[in-house]
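Let me begin by presenting the structure, written as structure tokens, before commenting on it.
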Amino acid sequence: MTDIRVRIAPSPTGPLHLGTARTALFNFLFARHTGGTFIFRLEDTDQARSSVEFERDILDGLHWLGITWDEGPAVGDEPERGTFGPYRQMARVARYAEAADRLLAEGKAYYCYCTPAELDAERKRQEETHEPTRYNGRCANLTLAERAAFEAEGRRPVVRFRVPRSRVIAFDDMIRGHVEIDTDALGGDLVIVRSDGTPLYHFTVAVDDAAMAISHVIRGEDHLSNTPKHILLFEALGVAVPRFAHLPLILNPDRTKMSKRKSQTAVADYRAQGFIPEGFVNYLALLGWSTGTEEEVLSSAELVEKFDLATVNKAGAVFDRERLEWLNGQWIRRLPPDDLVNRLRPFLQAEADAGRIDWLPTDEEIRSLLPVVQERLPVLAKVGELIGFLFVKDLDPDLALLVPKRWDVATTSVGLEAARRTIAATGEVAWEAEEIEAPLRRLVEDRGWKAGDLFMAIRVAVTGRTATPPLFDTMVALGYERTLARLDRAIEKLGAQAASST
RNA sequence: GCCCCCAUCGUCUAGAGGCCUAGGACACGGCCCUUUCAAGGCUGAGAUCAGCGGUUCGAAUCCGCUUGGGGGUACCA
């Protein structure tokens, strides 16, 4: 039993973001490494932008990554687990109201009747006179009569939390060390409840972290400047202040905070492109952290074992897709065959759905292709490009590709015809890679050709591509009859070309 | 504007005062392997450790300043 409790608190206002996934992962690694408890809480108080679809996407995405939590929604087959719930903020509104009332009663907060338009005007004025933009405290000490007058005007108040003047808030960030921020830089008294009665982020996060006994707040650096607000709120609420750890941001190539506009940020998109959880998690963990050794291909279990917040970097990290693909390929190569077959199936199904292949191979067929496929896949979605030609009825090879660089149409024609005869002579019973290769090499030698030229012509005739898995294995997979048929088709096409050019 | 954070190859990073003529990985070039593409092996190029001042016998590592970058500054989260 340990009292370490950490949480991920995503807002369902968009699909699962890479940055959220990374923050979740670091919380998860910290919790598992220390034997602490990991909590999932949904911050859905922005009702205008929240949706259940996004909620689903976030839950699915984290599950896919193998990031599991001990308390929160969707744990195992339970809709919700944990004794600190509910874990969805809209189901906790009564608690925020109660907390707000308490702050109000204690004079730590007050009703503010300023309208957004008035606030905007004030902010604009401050900007023009180069004053720091902050709430001017106009409603900080309203009399009952003044309040009544505003109410009579039909104004609905917000609740503002009193931020003390000129006090230095200091905390020891587990990643950044000692940080001090003056409360004068906080923008004045802070709105904690909207005029429609719904609570705001800074308030809910403090109320919930307190209620859920969160011991360590591990989140993105974008929250660093807001931390004093939370500390003030924890103090006002009369609860212990948790420890903080602010993770470096994930960056666009131009080193700005990673955004949808400039980068691919949705985890679901990476999943659809054939990244696998092992590779993705490995990559994310190494964005801003390293073991301090030269090991880089690390399983989730190894990450848990080695993870340490103290060695997390301070500087932001540019997201590098090439490195992600390399790491993903490393993990694909390590997958057991049956496992890989299962993971490939949906991608082949997608090829079929898109009409790029005419039928779906069986598991046995996929499995037999693994030796030539596994090391050629940086991402699973590349499988169609790699072996799709095996599952199409008709192939129409491009003439320009069919004729090898050093050959002309006539030579290619002669070459393929000779190859066709040689291959046909191999026969269906001896249809194995070595059996096909040996006579073709003899043919090449007899005619004084270069093996590469003939093989390239055959490759294009049989696959339609210049880059394929090993040719003879490919032909075996294609089958005797279909190989000959494709060679015939290519020969025919070359013949037509020869005729038309004379 | 104000506040906060950050700063080692293009990118991710190792580096916690001498082990650094700065190591690894991705990407890039070459070679090997080879029927193409990969994978793998070897190898090369790539960083005046942002700059300037200190501290020290000694600094990428400690301190200060400057510069640059980023983040925050909502009735978003």
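Keep in mind the model is a prediction, meaning the values are calculated, not measured. In what follows, every chain begins at residue 1, and chains take the letters A, B, ... in the order their sequences are listed.
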Same-atom distance ([atom1]) from [N] to [M], integer angstrom:
N	M	atom1	answer
G46(B)	G10(B)	P	11 Å
A27(B)	A22(B)	P	24 Å
A50(B)	C76(B)	P	41 Å

By the 4.0 Å heavy-atom rule, please label [X] as base, sugar-phosphate, or nothing.
X	result
Leu249(A)	sugar-phosphate
Leu471(A)	base
Gln374(A)	nothing
His223(A)	base
Ser225(A)	base
Gly292(A)	sugar-phosphate
Thr133(A)	base

Hey, do the aromatic rings of [X] and [Y] have their centres closer than 6.0 Å?
X	Y	result
Tyr111(A)	Phe150(A)	no
Phe26(A)	Trp289(A)	no
Tyr283(A)	Phe319(A)	yes

Please list residues of residues 188-203 of chain A whose heavy atoms come under 4.0 Å from any atom in RNA chain B, ordered by number; otherwise none.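 Val191(A), Arg194(A), Ser195(A), Leu200(A), Tyr201(A), His202(A) - these, ordered by number, are the residues of the stretch whose heavy atoms sit under 4.0 Å from the strand.
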
For RNA chain B, which residues in residues 42-59 of chain A have a heavy atom at a distance below 4.0 Å?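 The stretch gives Glu43(A), Thr45(A), Asp46(A), Arg49(A) as the residues lying under 4.0 Å from the strand, ordered by number.
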
For Asn252(A), is there any backbone N or O sitting under 3.5 Å from a side-chain donor or acceptor partner on Thr256(A)?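 No, because the side chain of Thr256(A) does not come within donor-acceptor range (under 3.5 Å) of the backbone of Asn252(A).
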
Whom does [N] pair with, Watson-Crick or G-U wobble, provided both distances fall under 3.5 Å?
N	answer
U34(B)	none
G68(B)	C6(B)
A14(B)	none
A45(B)	none

Between U73(B) and Lys229(A), is there an OP1 or OP2 to side-chain N/O distance shorter than 4.0 Å?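 Checking U73(B) against Lys229(A), no side-chain N or O comes under 4.0 Å of OP1 or OP2.
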
OP1 or OP2 of C4(B) less than 4.0 angstrom from a side-chain nitrogen or oxygen of Arg176(A), does that happen here? no

Report all interatomic pairs (protein N or O, nucleotide N or O of nucleotides 9-13 of chain B) with separations under 3.5 Å.
| residue | atom | partner | partner atom | Å |
| --- | --- | --- | --- | --- |
| C12(B) | OP1 | Val318(A) | N | 2.8 |
| C12(B) | O2' | Leu286(A) | O | 3.2 |
| U13(B) | OP1 | Gly288(A) | N | 2.5 |
| U13(B) | O3' | Ser290(A) | OG | 3.4 |

Is it true that the side chains of Tyr110(A) and Arg162(A) contain a donor and an acceptor less than 3.5 Å apart?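 There is no such pair between these side chains.
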
Thr463(A) and Thr474(A) have their tightest heavy-atom pair at CG2-CG2, 3.8 Å

Test: salt bridge (charged side-chain N to carboxylate O under 4.0 Å, His left out). Region: residues 126-138 of chain A. Which pairs qualify, not counting sequence neighbours?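 Applying salt bridge (charged side-chain N to carboxylate O under 4.0 Å, His left out) to every pair that reaches into residues 126-138 of chain A, excluding sequence neighbours, yields Glu118(A)-Arg138(A), Arg125(A)-Glu131(A).
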
What salt bridge (charged side-chain N to carboxylate O under 4.0 Å, His left out) pairs are there with at least one residue in residues 451-471 of chain A, not counting sequence neighbours? Arg406(A)-Asp453(A)

Atom OG1 of Thr265(A) and atom OH of Tyr270(A): how far apart are they, to the nearest 0.5 Å? 7.5 Å

Nucleotides 37-47 of chain B: which of its N/O atoms have a protein N/O under 3.5 Å away?
| residue | atom | partner | partner atom | Å |
| --- | --- | --- | --- | --- |
| C37(B) | O2 | Arg376(A) | NH1 | 2.7 |
| C37(B) | N3 | Arg376(A) | NH1 | 2.3 |
| A38(B) | O2' | Glu375(A) | O | 2.7 |
| A38(B) | N1 | Glu375(A) | OE2 | 3.1 |
| A38(B) | N3 | Glu375(A) | OE2 | 2.9 |
| A39(B) | O3' | Arg333(A) | NH1 | 3.3 |
| G40(B) | OP1 | Gln330(A) | NE2 | 3.3 |

